[in-house]
2 protein chains.
Amino acid sequence: METAPPRRRRVGREQLLAAALRLFARDGIQTTSLQDIATEAGVTKAGLYYHYKTKDEIVLDVLRPSLDELPTVTRRAEAHRTRAARVDEVLGGIIDIALDENSGFAVLMKDPYLQQLLSQQESMRRWWDDATTLILGPAPDVEARIGLVMFINGLSGTSRDPVLAPLDDRSRRQQLLACGRRLLRAEQPTEA
Amino acid sequence: METAPPRRRRVGREQLLAAALRLFARDGIQTTSLQDIATEAGVTKAGLYYHYKTKDEIVLDVLRPSLDELPTVTRRAEAHRTRAARVDEVLGGIIDIALDENSGFAVLMKDPYLQQLLSQQESMRRWWDDATTLILGPAPDVEARIGLVMFINGLSGTSRDPVLAPLDDRSRRQQLLACGRRLLRAEQPTEA
DNA sequence: GTCTATACGCCGATAGAC
DNA sequence: GTCTATCGGCGTATAGAC
């Protein structure tokens, strides 16, 4: 891609993405039609199609900043020597992304449509394999693998649940991390 | 409802539901159109409409046997005197439903469309409140509530995950229940 | 009471004019 | 780069045959 058009654009992808995120957050992904996004951004439906070939492309582009952060999380975790420290780094990193109100991920992670879409993304599956190996080792036991799967599946539904509402950001992070540690039978790391 | 029609039907809801479940399980709920279900059952799309006014009605009717079982689970749990025993009864009951291959719930629980649909059902929300009180008491601490939310959200994604594939049904139940106990900080009950 | 024929308005997506 | 026009398919809905 990126045939590098030297000219600046009039509406630009940024405005389309901003409009899309606004509507996705308010109404959900599936409920928001391309017509809605186009109207909100001030173009026609077909005008959208110049920038994005499919609706999925729009959704994924809204998420790009968050998704790009995932490899950074695992890279940081690789530096730690103990398993407990790596677990905290990876789980904490994911939780941070999930709790960041300004990221598309936080807004959309719980969206049913997105979960389906992400599981089809090859790059996402590869990252997940890396993260699993990093946390559980090359030959993990079934118990730990199940715990990790439950944490990831549970996080998306939990991070925006009303039970977290009375807590501040630091407490939320702490509570969710504690859940992850319990599921993985991991101790609180002593280093760092 | 139940205006008790004395005559028997030619195709009957049972066959429609069987066809729907078959396609839902194979292709997912959203991918399956009413036209697909009608063709599979041997009627026209409008023929479906005589029995069900909306697609959601079909989905909910496929689930009815499973959903009807939930109150039974909480009723059984009320008989126990210790919290640990109640936790095991409720969590175990939900896990059993989620793992039963012959129930619509097991097939559809992980389906994104369904999770959205169920959260809109008033009866479902009421049951969830009951179950929460039963397990955590009338004034639960935040930690336990978060653990329970993560378990429920995580179960639907975990119960059909490939990591469970090598296990038999008894081991699957055991592993998932162990996850729930850890999240709720509940001991294995000594009674029963 | 059970089904078919037909249609409505909206969807995501495409072709081609300006 | 953005438009109008159009496509096939969707969920939903009514009229009326049997």
Side-chain angles (χ1 to χ4, degrees), chain A residues 1-21 23-24 26-63 108 111-114 116-117 120-121, chain B residues 1-21 23-24 26-63 108 111-114 116-117 120-121:
Chain A
M1 306 306 159
E2 287 299 314
T3 33
R7 299 217 150 277
R8 62 209 133 77
R9 317 167 207 105
R10 304 225 303 194
V11 166
R13 289 162 125 91
E14 287 76 13
Q15 282 142 279
L16 298 181
L17 290 181
L21 180 53
L23 295 179
F24 285 162
R26 198 187 63 192
D27 306 325
I29 299 179
Q30 306 216 65
T31 320
T32 303
S33 69
L34 296 184
Q35 184 63 72
D36 294 334
I37 299 174
T39 305
E40 174 89 1
V43 291
T44 62
K45 198 165 58 145
L48 272 185
Y49 271 95
Y50 171 75
H51 298 284
Y52 299 99
K53 293 293 152 214
T54 69
K55 185 179 183 180
D56 287 355
E57 266 186 41
I58 299 179
V59 175
L60 287 175
D61 217 25
V62 166
L63 290 179
L108 302 183
D111 198 296
Y113 185 86
L114 177 71
Q116 199 158 253
L117 183 59
Q120 294 164 357
Q121 295 298 112
Chain B
M1 307 304 161
E2 287 297 316
T3 34
R7 296 218 151 277
R8 62 211 134 77
R9 318 168 206 103
R10 304 225 305 197
V11 166
R13 288 163 126 90
E14 287 77 13
Q15 282 143 278
L16 298 181
L17 290 181
L21 180 54
L23 295 180
F24 286 160
R26 199 188 61 192
D27 306 324
I29 299 179
Q30 307 216 64
T31 320
T32 303
S33 70
L34 296 184
Q35 184 63 72
D36 293 335
I37 300 174
T39 304
E40 174 90 2
V43 291
T44 62
K45 199 165 58 143
L48 267 187
Y49 195 74
Y50 171 75
H51 296 283
Y52 299 99
K53 293 294 158 210
T54 68
K55 187 179 183 180
D56 287 355
E57 267 186 40
I58 299 179
V59 174
L60 286 175
D61 215 25
V62 166
L63 290 179
L108 302 183
D111 198 297
Y113 185 86
L114 177 70
Q116 199 159 252
L117 183 59
Q120 293 164 356
Q121 294 298 112

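We name chains A, B, ... by the order of the sequence lines, and we start the count at 1 in each one. All values below were derived from every heavy atom in this structure, side-chain atoms included, with hydrogens, water molecules and symmetry-related copies excluded.
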- Query: If you take atom types as modelled and just measure distance, does the side chain of B:Lys45 reach the base of D:dT12 with a donor-acceptor pair under 3.5 Å?
  - Reply: yes
Atom-to-atom span, [atom1] of [X] to [atom2] of [N] - whole angstrom:
X	N	atom1	atom2	answer
A:Glu57	C:dG12	CD	P	14 Å
B:Leu48	D:dT12	CG	C1'	12 Å
A:Arg13	D:dT2	CZ	P	11 Å
B:Tyr113	D:dC10	OH	P	14 Å
B:Gln30	C:dG12	CD	C1'	14 Å
A:Tyr52	C:dT14	OH	P	16 Å
B:Lys53	D:dT14	NZ	C1'	10 Å
B:Ile37	D:dC10	CD1	C1'	13 Å

- Query: Base, sugar-phosphate, or nothing: which does A:Leu34 touch, judged by heavy atoms less than 4.0 Å apart?
  - Reply: sugar-phosphate
- For D:dT12, does OP1 or OP2 lie under 4.0 Å from any side-chain N or O of B:Tyr49? no
- Message: Would you say A:Thr44 places a side-chain N or O within less than 4.0 Å of OP1 or OP2 belonging to D:dC3?
- Response: yes
Minimum-distance nucleotide (side-chain atoms of [X] versus [options]):
X	options	answer
A:His51	D:dC10, D:dT2, C:dA15	D:dT2
A:Tyr50	D:dG11, C:dT4, D:dT2	D:dT2
B:Ala46	C:dC11, D:dA5, D:dA13	D:dA13

- Query: If every non-hydrogen atom of A:Ala38 is compared with every non-hydrogen atom of A:Lys45, which pair is closest and at what distance?
  - Reply: CB-N, 3.6 Å
- Stepwise side-chain contact (heavy atoms from CB on, under 4.5 Å) check, B:Asp61 with B:Leu16: CA-CA 10 Å; B:Asp61 215 25; B:Leu16 298 181; over 6 Å; no
- Message: Under 3.5 Å, is there a donor on one side chain and an acceptor on the other for A:Asp36 and A:Ser33?
- Response: yes
- Message: Set out, in order, the CA-CA distance, both residues' side-chain angles and the distance that settles side-chain contact (heavy atoms from CB on, under 4.5 Å) for B:Val59 and B:Phe24, then state yes or no.
- Response: CA-CA 9 Å; B:Val59 174; B:Phe24 286 160; 3.9 Å; yes
- Item | Verdict with supporting geometry, B:Val43 and B:Tyr50, side-chain contact (heavy atoms from CB on, under 4.5 Å) | CA-CA 11 Å; B:Val43 291; B:Tyr50 171 75; over 6 Å; no
